[in-house]
Amino acid sequence: MTAPAATALAPGLTEELRAAVGEAHLLTDPSIVASYETDWTGRFHGRASCVVRPADTAQVAAVMTAAARAKATVCVQGGNTGLVGGSIPVDGAVLLSTARLTVLEPVEVAAGQVTAGAGVTLAALQRHVRAAGYDFGVDFAARDSATLGGMAATNAGGERVLRYGTTRAQILGIEAVLADGSVISRLAGLPKDNTGYDVASLLAGSEGTLGIITRLRLRLAPLLTERAVALVAVDGIAGALTLLQTARNRLPTLEAAELFLADGLALVREKTGLPAPFAAEHPAYLVLECAGRTDPTDDLLAALDACDADVLLDATVATDTRGRHTLWAYRESHTEAINAAGVPVKLDVAVPLTALGELVAALPTTIAEAAPQARLILFGHINEGNLHVNILNATDRAEAVTDAVLHLVAAHRGSISAEHGVGRAKSRWLHLSRSPQEIAMMRAIRQGLDPDALLNPRVLLDAPPPTDRGPAGANSA
Ligand code: FAD
Ligand code: 2HG
Ligand code: ZN
């Protein structure tokens, strides 16, 4: 489907945007703007009239004030690693890039907190706080590009939710620019502050529909340098859940429990050249990581020993940095390996652990009925019942396959979005996970803060009418 033609900026707006961010940071050359118009997966495309790259909160506020006056829509983009089309501009919107909001203040050691700009990448934050003897509670494979603003806006999860919770749980304060250009700023980082609505929590997970996050006050985690990682083979979901329960009960140092299956391993090995982890192939695999101030290896080995031989089919443990990274690579390379095989339809769902086995068993048939040529790769964060349902060879059946999978998930009391957000890809299925009353409440909040729906149009709430051709605006390839 061809993306809609860019609409021209309202008269005078160009001048105001130039005045707000400076000549060098108003980008209008189509060949440069184009690099902001396609998402990480290559599935979603859109059109921006221009790109603005503000340097600080005041410049973001000046951009929004000008846009609000002209009633121009604004799409927000951080690292553009989001997987639901939310960072892609639609209908000639102004694309606001947070790439220059990169101020990292010194770590406040007494409180174990830091204030950081929304455009700081996760990896840059990790380097900064680790140098001060701290760590950050959220981590995932897109760390080199994903920004703190994008993580907050999507309430990103990742590999350590088991121990530290999602991004929302790390946020102690927020600064943001609202649709009318006004600024809210609460960065004192008080862990106790019960004075009405929790604005920071509300903005976390709002996917850029309530405000543009410019700075964050973050809770830090202890820097745990003693680590051990196990890659364990199991017979399937039942075995994986038994092993998870043992690991959780016996290992207070458990930080991650990640799942992948035989098909995913084969694809990862094909695309990365990694060797087979075990002599035999197995149906399913878990990566377990323990971290502490003292070496957790013996505890991890003892927990694995405690598992029955019919549950734990094989295992390998690494304690040195290189070995640990290799074991993680089997899991973390899934997203890139899938993209190297084609443009996927990506669904990110969660069900109660008691329903996980049934869901995994039902998915192949459900998907084959909707998209007969589809190739399914499943993996995810098992402790949260969070499955990444990646479907290759199905972009021409994206609507049908999404509909089928999300209804199946809803029938298992699950969520249509565990951690990636709703974006533009899944807004028309929001009702499967939220009641009419909840959706009305969300709409009322949005309407109150952004009555003209200028910020991130069609993300999360503004579902277009159903079509046969995938999410409109952010078009299916
Ligand atoms: P973008 O993609 O630029 O934007 C995402 C959304 O946030 C958009 O709606 C955008 O408009 C909005 N937004 C961005 N910045 C702001 C801001 N400052 N203020 C308001 N709104 C804003 N996600 C997980 O949760 N867990 C994972 O384990 C995980 N692993 C990944 C691995 C890979 C290889 C890749 C490619 C992606 C992965 N993701 C994961 C998805 C993605 O990285 C996260 O959603 C991340 O939080 C997005 O950050 P970003 O800066 O790239 O945001
Ligand atoms: C992960 O857990 C990310 O690796 C990406 O959330 C998931 O590629 C995906 O579907
Ligand atoms: Zn994930």
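Whatever order the structure lists them in is the order used to number ligands and atoms, beginning at 1.
Near Met151, with a cut-off below 4.0 Å to any heavy atom, the atoms of ligand 1 are 47 (O), 49 (O). The ligand atoms of ligand 1 that sit less than 4.0 angstrom from a heavy atom of Ile213 are 17 (C), 18 (N), 19 (N), 20 (C). Of all the atoms in ligand 1, the ones that sit under 4.0 Å from a non-hydrogen atom of Glu207 are 9 (O). For ligand 1, the atoms closer than 4.0 angstrom to any heavy atom of Gln77 are 3 (O). In the vicinity of Gly208, heavy-atom distances shorter than 4.0 Å reach the ligand 1 atoms 20 (C), 21 (N). Within the listing of ligand 1, atoms 20 (C) sit less than 4.0 angstrom from a heavy atom of Gly211.
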Please determine whether side chain to side chain donor-acceptor pair (under 3.5 Å) holds for the pair His381 and Glu159, giving the CA-CA distance in whole Å, both sets of side-chain angles, and the decisive distance to 0.1 Å. CA-CA 7 Å; His381 314 280; Glu159 297 151 358; over 6 Å; no
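The heavy-atom pair separating Val103 from Val120 by the smallest distance is O-CG2, 3.9 Å. Listed here is the closest heavy atom pair of Ala453 and Thr73: O-CG2, 4.1 Å. Of all heavy-atom pairs between Leu148 and Ala116, the closest is CD1-CB, 3.5 Å. Taking every heavy atom of both residues into account, Ser97 and Pro54 meet most closely at O-CD, 3.5 Å.
When heavy-atom distances to ligand 1 are checked against a 4.0 Å cut-off, Asn456 comes that close only through its side chain, counted from C-beta outward. Neither the backbone nor the side chain of Glu336 comes within 4.0 Å of ligand 1, counting heavy atoms alone. With a 4.0 Å heavy-atom cut-off, ligand 1 is reached by the side chain of Leu83 but not by its N, CA, C or O. Contacts between Ile338 and ligand 2 below 4.0 angstrom, taking non-hydrogen atoms only, are absent altogether. The proximity of Phe140 to ligand 2, defined as any non-hydrogen pair under 4.0 Å, does not occur for either the backbone or the side chain. Counting heavy atoms closer than 4.0 Å to ligand 1, residue Ala118 contributes side-chain atoms (C-beta onward) but none from N, CA, C or O. Contact annotation: for Ser87 versus ligand 1, heavy atoms closer than 4.0 Å belong to both the backbone and the side chain. Residue contacts with ligand 2, taken as heavy atom pairs separated by less than 4.0 Å, involve Glu419 solely via side-chain atoms from C-beta onward.
Annotation: Ile212 places no N or O atom under 3.5 Å from an N or O atom of ligand 1; distance criterion only. Residue-to-ligand polar distances place Thr147 within reach of ligand 1: an N/O pair is separated by less than 3.5 Å. The shortest N or O to N or O distance between Gly157 and ligand 1 is under 3.5 Å. In terms of polar-atom proximity, Ala156 is not counted as a contact of ligand 1, lacking any N or O under 3.5 Å from an N or O of the ligand. Considering backbone and side-chain atoms together, Ala153 places no N or O closer than 3.5 Å to any N or O of ligand 1. The shortest N or O to N or O distance between Thr335 and ligand 1 is not below 3.5 Å. At a 3.5 angstrom cut-off on N or O pairs, Ser145 does not count as close to ligand 1. Below 3.5 Å of separation, one finds no N or O of Glu159 facing any N or O of ligand 1. For the pair Ala146 and ligand 1, the shortest N or O to N or O distance does not fall below 3.5 Å.
Look at Glu105 and Arg217 and you find no salt bridge, because none of the NZ, NE, NH1 or NH2 atoms lies under 4.0 Å from a carboxylate O. A salt bridge is absent between Asp39 and Arg43: the closest approach of a Lys/Arg side-chain nitrogen to an acidic carboxylate oxygen does not fall below 4.0 angstrom. The residues Glu289 and Arg160 are annotated as not salt-bridged, no charged nitrogen and carboxylate oxygen being separated by less than 4.0 angstrom. Salt bridge Asp135/Arg130: present, at least one basic N to carboxylate O contact under 4.0 Å.
Of all protein atoms, those of element N, O or S that lie under 2.8 Å from the Zn ion (ligand 3) number 3.
Ring geometry for His334 against Phe260 counts as tilted: the plane angle lies between 30° and 60°, on a 0 to 90° scale.
The shortest separation from a heavy atom of Asn390 to ligand 2 is under 4.0 Å, placing the residue in contact. Contact between Gly423 and ligand 1 is absent, with no heavy atom of the residue lying under 4.0 Å from the ligand.
Leu95 CG to Gln77 CD: the interatomic distance, rounded to the nearest 0.5 Å, is 5.0 Å. Once rounded to the nearest 0.5 Å, the distance linking NZ of Lys426 with OG of Ser433 reads 8.5 Å.
Thr354 has its side chain out of reach of Leu241: every pair of non-hydrogen atoms, C-beta onward, lies at least 4.5 Å apart.
When atom types are taken as modelled, the side chain of Asp91 and the backbone of Arg47 share no donor-acceptor pair closer than 3.5 angstrom.
The residue among Glu159, Lys346, Arg331, Glu258 with a heavy atom at the shortest distance from atom 1 (C) of ligand 2 is Arg331. Here the shortest heavy-atom distance to atom 16 (C) of ligand 1, taken over Val76, Leu210, Asp348, belongs to Val76. The closest non-hydrogen atom to atom 48 (C) of ligand 1, taken over Thr209, Val74, Thr81, comes from Thr81.
When only non-hydrogen protein atoms are considered, atom 6 (O) of ligand 2 lies nearest to His420 NE2, 2.7 Å. Given atom 5 (C) of ligand 2, the protein heavy atom at minimum distance is Thr335 OG1, 3.3 Å.
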